[in-house]
Amino acid sequence: MSTMEYCIDFVNCLDSDTSVKILMCLDDPADLVRVSCVSRSWRHCVIANGLCKQLCLRMFPQLSRVARVVELDEQVAKEQMEVGSSNFMEWLGLERDHRIYAYLARASTTSVAVNCISKTIGASSTDNFPEEGIDNTLDPRDIIAGNYFYWSSKGQRNPNVPETLTYELVSQICVVTEINIQPFQANFQMWAPIYSSKSVRLKMGHRKTCLDTSDDEKFVWTYTSPEFPMAQENRLQKFKLPEPVLCIGGILQIELLGRVQRQEMDDLFYICISYVKVIGFSLSPAFSVEILDPSGLFELKSGKQARCQHLLNSAKESGTNSYDNVQMALRDFPQIVNILREHVVGLVEHEWDEEEYEGDDFEEEYAL
């Protein structure tokens, strides 16, 4: 008798809670998607228990503020508006969440890291504006056209007065992994002093959409990093976050805490920064967000076409070979499944359905 006849499907044999605990041990979103392809019962277990969503919440606690998930494709919206039983509508919602969170988790583990700063918003103070403005921190060069290029705070007698530099990221939904900062060394001054801060801290959040005229704070901060010590050295210093952070709203602020260098000519403490770089990647256009004031919750929006395009763009960025492999995998996967079915008769309940998995839906969900 074939050993295949002794195989046991634990999802069908164990109680639901135990099965979920076993599957939740998977920490790779691609594995969860593969599990959902094994059989109808496995697929139902993954989707009904929102395992992809739970994985995303483990990766990014910031997603706990999601009020609702919206799929933007016209056909999907039309299907959801069709008349049906409440159970059917609930299942459509679970399938939608599965698709969106599965891709979000996968994109967050495969995207290529780049500099995520789009533009500057402002500094808490500037000594000589615009010559020593915050815009200078976007260029890695210390000297341009014979002039020194850096941001400088105003001088303070108290070395504990902090400063902030605020930036807008490339999209409203970005994953940030680290920040790089280079303090400025004033080679034109005696002893070439370096005007670093004692430490640095990072905040991320979004703009307030409804500003009170009496409210001086324009932003809501949803994440604050630990405090990182900064060395008084003229080099690009890298501060890696304990875990990748999902920035909802696209606003990032650097807190420069404490001053170490006094300027000889006026006996005041300054902080000067030559260059700032934020390492991470954008999840746009595959995803977008809408902040729901005044609750602070947000709506997570996504479209299938945008997700597929994002997948192919990421493959292109990581190399031509990866891009070709993705397209080849999408083309050959149905044949591979049919071959496996011939050798594993009776084990796989879910038969291949070309209509069910053709086109963009298949490419997005099973190319993970």
Side-chain angles (χ1 to χ4, degrees), residues 59-63 104 107-124 126 133-142 149-153 162-184 196-207 218-231 233-257 271-289 291 298 310 313-314 317-318:
M59 296 170 63
F60 304 114
Q62 297 79 25
L63 288 170
L104 191 153
S108 300
T109 57
T110 59
S111 297
V112 179
V114 296
N115 187 358
C116 287
I117 295 180
S118 171
K119 61 182 181 181
T120 62
I121 293 178
S124 53
T126 301
I134 184 177
D135 287 350
N136 295 346
T137 64
L138 299 184
D139 197 306
R141 295 172 293 178
D142 288 335
F149 222 57
Y150 62 97
W151 163 82
S152 174
S153 72
E163 297 285 349
T164 61
L165 301 174
T166 308
Y167 301 88
E168 184 174 313
L169 302 183
V170 291
S171 76
Q172 282 194 312
I173 179 166
C174 293
V175 176
V176 177
T177 57
E178 70 177 62
I179 181 172
N180 302 165
I181 304 176
Q182 182 167 349
F184 176 69
S196 67
S197 62
K198 290 183 179 179
S199 60
V200 60
R201 188 165 56 199
L202 190 65
K203 287 183 176 180
M204 285 181 261
H206 59 84
R207 297 179 187 271
K218 299 179 181 179
F219 309 105
V220 174
W221 304 115
T222 56
Y223 171 81
T224 301
S225 76
E227 193 172 319
F228 302 101
M230 178 180 283
E233 299 174 5
N234 180 27
R235 60 179 174 84
L236 191 63
Q237 301 181 35
K238 300 181 179 181
F239 306 102
K240 189 174 182 62
L241 299 177
E243 298 290 342
V245 176
L246 190 65
C247 179
I248 304 297
I251 304 298
L252 181 144
Q253 186 176 88
I254 299 170
E255 290 185 295
L256 301 164
L257 308 173
I271 300 176
C272 300
I273 299 298
S274 174
Y275 182 53
V276 171
K277 186 177 181 180
V278 174
I279 304 300
F281 51 87
S282 170
L283 291 177
S284 176
F287 296 90
S288 61
V289 297
I291 307 299
F298 66 92
H310 190 274
N313 290 342
S314 297
E317 291 173 1
S318 60

- Report yes or no: does S111 contribute a side-chain atom to a donor-acceptor pair with the main-chain N or O of S108 at less than 3.5 Å? no

- Hey, are the side chains of W151 and I271 touching, using non-hydrogen atoms and a 4.5 Å cut-off? yes

- Item | Intermediate values then yes/no, side chain to side chain contact (heavy atoms under 4.5 Å, CB included), M204 and V278 | CA-CA 12 Å; M204 285 181 261; V278 174; over 6 Å; no

- What one should report as the nearest heavy-atom pair of A123 and L165 is CB-CD2, 3.7 Å

- Query: Are side-chain heavy atoms of T109 and M59 found at a separation under 4.5 Å?
  - Reply: yes

- Message: Quick check for you: to the nearest 0.5 Å, what is the distance between S225 atom OG and I179 atom CD1?
- Response: 8.0 Å

- Task: Verify the distance criterion only: is there a donor paired with an acceptor across the side chains of S118 and E168 at less than 3.5 Å?
- Result: no

- Least distance between heavy atoms, H206 atom then G249 atom: CB-CA, 3.5 Å

- Item | Exercise: identify the closest heavy-atom pair between P226 and R201 | O-CG, 3.9 Å

- Side-chain heavy atoms of L246 within contact of L283, under 4.5 Å: yes

- Answer yes or no: is there a side-chain heavy-atom contact under 4.5 Å between V114 and V170? no

- Query: Rounded to the nearest 0.5 Å, how far apart are NZ of K203 and OH of Y223?
  - Reply: 12.5 Å

- Task: For the residue pair I273 and I254, establish whether any side-chain heavy-atom pair is separated by less than 4.5 Å.
- Result: no

- Can any side-chain N or O of S124 pair as donor or acceptor with the backbone N or O of E163 at less than 3.5 Å? no

- Would I121 and Q253 satisfy side chain to side chain contact (heavy atoms under 4.5 Å, CB included), going step by step from the backbone distance to the final call? CA-CA 9 Å; I121 293 178; Q253 186 176 88; over 6 Å; no

- Message: side chain to side chain contact (heavy atoms under 4.5 Å, CB included), that's the test. Do F228 and L202 meet it? Break it down for me.
- Response: CA-CA 9 Å; F228 302 101; L202 190 65; 5.6 Å; no

- Any donor-acceptor pair under 3.5 Å from T120 side chain to G122 backbone: no

- Message: Measuring only between side-chain heavy atoms, which start at C-beta, is Q172 closer than 4.5 Å to F298?
- Response: no

- Task: Mind checking salt bridge (charged side-chain N to carboxylate O under 4.0 Å, His left out) for K198 and listing every partner two or more places apart, or none if nothing turns up?
- Result: none

- Any side-chain donor near an acceptor of the partner, S282 and S171, under 3.5 Å: yes

- Could you grab the distance from atom CG of N136 to atom OG of S152, nearest 0.5 Å is fine? 10.5 Å

- Task: Look at the rings of Y150 and F184 and say which category their plane angle falls in: under 30° parallel, 30 to 60° tilted, over 60° perpendicular.
- Result: parallel

- Task: Let me see the working for L104 and L63 under side chain to side chain contact (heavy atoms under 4.5 Å, CB included), right down to the final yes or no.
- Result: CA-CA 11 Å; L104 191 153; L63 288 170; 4.2 Å; yes

- Roughly how far apart are L236 CG and I181 CD1, rounded to 0.5 Å? 9.0 Å

- Task: Look only at the side chain of T137 and the backbone of V276, and say whether a donor-acceptor pair between them is shorter than 3.5 Å.
- Result: no

- Query: Rounded to the nearest 0.5 Å, how far does OH of Y167 lie from CG of L138?
  - Reply: 6.0 Å

- Message: Side chains of P183 and Q237, heavy atoms from C-beta outward: is any pair under 4.5 Å?
- Response: yes

- Query: Would you say T177's side chain and I279's backbone share a donor-acceptor pair under 3.5 angstrom?
  - Reply: yes

- Taking all non-hydrogen atoms of both residues, which atom of Y275 and which atom of N115 are closest, and how far apart? OH-ND2, 3.9 Å

- Task: Ignoring hydrogens and angles, tell me if any N or O in the side chain of E178 forms a donor-acceptor pair with the backbone of K238 under 3.5 Å.
- Result: no

- Item | Non-hydrogen side-chain atoms of T166 and I251 separated by less than 4.5 Å | yes

